[in-house]
Amino acid sequence: MDSLVGQCDKLLSSDPKNFVLSILIVFGILFSYFPQLFRIVKLRSSFGISPYFVLLGTTSGTFALANVVSQQQSLQVAACCKDASGLSCFSGLLGILQIGTQWLSFFAILTLFVVFFPRETEPYLPENEEPGPTYGTALAVATVSVVHAVIMLIVTLAVGFKQPASLQSWSNFCGVTAAILASIQYFPQIYTTLRLRCVGSLSIPMMCIQTPGALVWAGSLAARMGSKGWSTWGIMIVTAFLQGTLLVLSVFFEHLGPNKGHSHDYDKGIRIESEESNPDHDDQDSPYEDTPLLQDRR
């Protein structure tokens, strides 16, 4: 009994600095997603955001939440909360709160993505471009994300109540799967940004906050969970580097690329074509060496 009490004291006693950092991370997560949510609402368009990026992000977040909830340490903290003060319990569960906040934030992006998805299939792209995803694709992404979340909830509860000894293995599986999905999450968005040659409705400020923030978050989770929680904080490190790659591309196209500063034109549905996509432009009016100085204007 004394060993159990000592273990609870160890789990629920948090370093004040790490406690304050963990609280700041929760607010930082909310703050980091606000620019993206605000941009979609302001432009009233989710053009430029890949539906497969949203799908992988939501499913990865669901796996990550199932991972941290079913972690052995999280279950021990929850058990210790029965006899602990509210503040101590809150401190011990901050890791779950952080993952849960991120999960809810990404589902908020999913909601706005579907609500403001362009009903037409990118009619303003250059003629040699293939049509992009349709509104039906956006609805399918939303449906799969919600169904997946429900299934994950049912399976996690079933494993916890029916086979509690296998819960840590299930947690590790969810963590590895979340890491894999997070690893490939940014590739569809990177491809979309390269294809459109603009950021569209994608928020650069969000990525500026989240890229270094993910590394700080990973450090906080690693300090809280230790090496056994590698499947949880390792996700953050993977996503930080991939999101950094997308950030570099977005900054280039927005401020340095051939279509710099035209993201809002894309969002409004104005077709932007470079000289390469329209090589015959003004060919009839351009003078040549053998063009007469005085032409018949009749």
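Below, all heavy atoms of this structure are taken into account, side chains as well, without hydrogens, waters or symmetry copies.
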Trainee: If I compare all heavy atoms of T192 with all of S50, which pair ends up nearest, and what's the gap?
Mentor: OG1-CB, 3.4 Å
Trainee: For V147, what residues pass the side chain to side chain contact (heavy atoms under 4.5 Å, CB included) criterion, not counting sequence neighbours?
Mentor: T143, I151
Trainee: My understanding is that only residues two or more places apart in sequence, or in another chain, count here; which of them pass side chain to side chain donor-acceptor pair (under 3.5 Å) with T58?
Mentor: S145
Trainee: Drop me the distance from M206's CE to T211's OG1, to the nearest 0.5 angstrom.
Mentor: 8.5 Å
Trainee: Connecting only ILVMFWY residues whose side-chain heavy atoms lie within less than 4.5 Å of each other, what is the rest of V248's hydrophobic cluster?
Mentor: none
Trainee: Does Y52 sit in a hydrophobic cluster with other residues, and if so which ones, taking ILVMFWY side chains as linked at heavy-atom separations under 4.5 Å, directly or through other members?
Mentor: none
Trainee: Do V150 and I99 share a hydrophobic cluster, counting only Ile, Leu, Val, Met, Phe, Trp and Tyr and linking them when any side-chain heavy atoms are less than 4.5 Å apart?
Mentor: no
Trainee: Under the side chain to side chain contact (heavy atoms under 4.5 Å, CB included) test, which residues partner S183, sequence neighbours left out?
Mentor: V238, L242
Trainee: So, the side chain of Q168 versus the backbone of Q72: is there a donor-acceptor pair under 3.5 Å, distance only?
Mentor: yes
Trainee: Taking side chain to side chain contact (heavy atoms under 4.5 Å, CB included) as the definition, give me every residue that meets it alongside L246, ordered by chain and number, with sequence neighbours left out.
Mentor: Y186, Q189, I190, T193, L202, M207, S250
Trainee: Side-chain polar contacts of residues 29-38 - donor-acceptor pairs under 3.5 angstrom, sequence neighbours left out - could you list them?
Mentor:
from	atom 1	to	atom 2	distance (Å)
S32	OG	G28	O	3.3
S32	OG	I29	O	2.8
S32	OG	Q210	NE2	3.2
Q36	OE1	S203	N	2.9
Q36	NE2	S201	O	2.8

Trainee: Can you tell me how far CD1 of I23 sits from CD of Q98, rounded to the nearest 0.5 angstrom?
Mentor: 8.5 Å
Trainee: Can you name the closest pair of heavy atoms from H148 and T59 and give their distance?
Mentor: CE1-O, 3.6 Å
Trainee: Can L153 be reached from L93 by stepping across I, L, V, M, F, W or Y side chains whose heavy atoms are under 4.5 Å apart?
Mentor: no
Trainee: Is I184 reachable from V144 through a run of I, L, V, M, F, W or Y residues, each pair having side-chain heavy atoms under 4.5 Å apart?
Mentor: yes
Trainee: Kindly give the heavy-atom pair with the smallest separation between L167 and T156, and that separation in Å.
Mentor: CD1-O, 4.2 Å
Trainee: Does any part of the side chain of V216, heavy atoms only, come nearer than 4.5 Å to the side chain of L24, both counted from C-beta?
Mentor: no
Trainee: Could I get the full list of side chain to side chain contact (heavy atoms under 4.5 Å, CB included) partners for S74, not counting sequence neighbours?
Mentor: V68, Q71, I96
Trainee: Holding to ring-ring contact (aromatic ring centres under 6.0 Å, His included), I want the full list of residues that pass it with F173, two or more places apart in sequence or in another chain.
Mentor: W170
Trainee: Going hydrophobic residue to hydrophobic residue with side-chain gaps under 4.5 angstrom, can you get from Y191 over to F47?
Mentor: no
Trainee: Of the non-hydrogen atoms in L94 and S22, which two are nearest, and what is the gap between them?
Mentor: CD1-CB, 3.5 Å
Trainee: Is there a continuous path of hydrophobic side-chain contacts, each under 4.5 Å between heavy atoms, that joins V176 to V155?
Mentor: yes
Trainee: Which heavy atom of E254 sits nearest to which heavy atom of V199, and what is that distance?
Mentor: OE1-CG2, 3.3 Å
Trainee: Taking distance alone, no hydrogens or angles, what donor-acceptor pairs closer than 3.5 Å link side-chain atoms of residues 101-118 to residues at least two apart or in another chain?
Mentor:
from	atom 1	to	atom 2	distance (Å)
T101	OG1	L97	O	2.7
W103	NE1	T62	OG1	2.9
S105	OG	T101	O	2.8
T111	OG1	F107	O	3.0

Trainee: Taking C-beta and beyond as the side chain, do M152 and V69 meet within less than 4.5 Å on heavy atoms?
Mentor: no
Trainee: Given the rule in the side chain to side chain contact (heavy atoms under 4.5 Å, CB included) test, do V159 and S70 qualify, once you have shown the distances and angles that lead to the verdict?
Mentor: CA-CA 9 Å; V159 173; S70 56; over 6 Å; no
Trainee: Taking all atoms of both residues into account, what is the closest heavy-atom pair of I209 and P212, and its distance?
Mentor: O-CD, 3.6 Å
Trainee: Identify, with sequence neighbours excluded, every residue that meets side chain to side chain donor-acceptor pair (under 3.5 Å) alongside Q185.
Mentor: none
